[in-house]
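Below you'll find the structure I mean.
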Amino acid sequence: MKIVNEAKDLGEAIDPKHEVELLCSNCGYDLDEEELSADTCSNCGATLNLRQNTKIYATSIPPAGGSTLV
Ligand SMILES: [Zn+2]
């Protein structure tokens, strides 16, 4: 499953929008929410260890000022 976290303004820094993917560390199977609480992977049958893939969205922040030259 994928969890998308929206960008957060932390004050001194910005936590960019990112996506966390939860996979079985053994076979890479994409786990559903219900399967996360299981003891074993429903795909490969191994003891379930989670692997997280984090993907950061490349967002362009518009420059301050905002005047447009035509
Ligand atoms: Zn697996």
Side-chain angles (χ1 to χ4, degrees):
M1 66 179 291
K2 289 177 185 173
I3 302 164
V4 176
N5 294 284
E6 293 298 325
K8 281 193 288 274
D9 189 345
L10 303 176
E12 306 218 333
I14 290 177
D15 186 13
K17 182 176 181 181
H18 62 283
E19 176 184 288
V20 180
E21 201 173 13
L22 295 170
L23 307 170
C24 168
S25 67
N26 188 53
C27 69
Y29 176 67
D30 189 355
L31 296 151
D32 285 337
E33 191 170 3
E34 294 166 15
E35 294 169 325
L36 295 177
S37 55
D39 293 330
T40 56
C41 174
S42 62
N43 184 57
C44 69
T47 303
L48 190 55
N49 288 303
L50 295 180
R51 187 173 82 203
Q52 290 194 10
N53 276 347
T54 303
K55 191 169 97 184
I56 307 224
Y57 285 72
T59 51
S60 59
I61 298 167
S67 63
T68 306
L69 298 175
V70 180

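First listed ligand is number 1; within each ligand, the first listed atom is number 1.
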- Task: Enter the distance from D15:CG to I56:CD1 here, rounded to the nearest 0.5 Å.
- Result: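 D15 atom CG to I56 atom CD1 measures 8.0 Å (nearest 0.5 Å).
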- Message: Checking E6 now: which residues fulfil salt bridge (Lys or Arg N to Asp or Glu O under 4.0 Å) with it, not counting sequence neighbours?
- Response: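 Testing E6 for salt bridge (Lys or Arg N to Asp or Glu O under 4.0 Å), a comparison that skips the adjacent residues, returns K17.
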- Message: For the CD1 atom of I3 and the CG atom of L22, what is their distance to the nearest 0.5 Å?
- Response: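 Going from CD1 on I3 over to CG on L22, the span is 5.0 Å.
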- Task: Apply salt bridge (Lys or Arg N to Asp or Glu O under 4.0 Å) to E19 and list each qualifying residue two or more places apart in sequence or on a separate chain.
- Result: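 E19 satisfies salt bridge (Lys or Arg N to Asp or Glu O under 4.0 Å) with K55 once adjacent residues are dropped.
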- Trace of the side-chain contact (heavy atoms from CB on, under 4.5 Å) decision for L48 with T40: CA-CA 5 Å; L48 190 55; T40 56; 5.6 Å; no
- Query: So which protein N/O/S atoms does the Zn ion (ligand 1) have within less than 2.8 Å?
  - Reply: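 Those protein N, O or S atoms (cut-off: under 2.8 Å from the Zn ion (ligand 1)) are C24 SG, C27 SG, C41 SG, C44 SG.
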- Results of salt bridge (Lys or Arg N to Asp or Glu O under 4.0 Å) for D32 - residues two or more places apart only: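 Once residues adjacent in sequence are excluded, D32 has no partner under the salt bridge (Lys or Arg N to Asp or Glu O under 4.0 Å) criterion.
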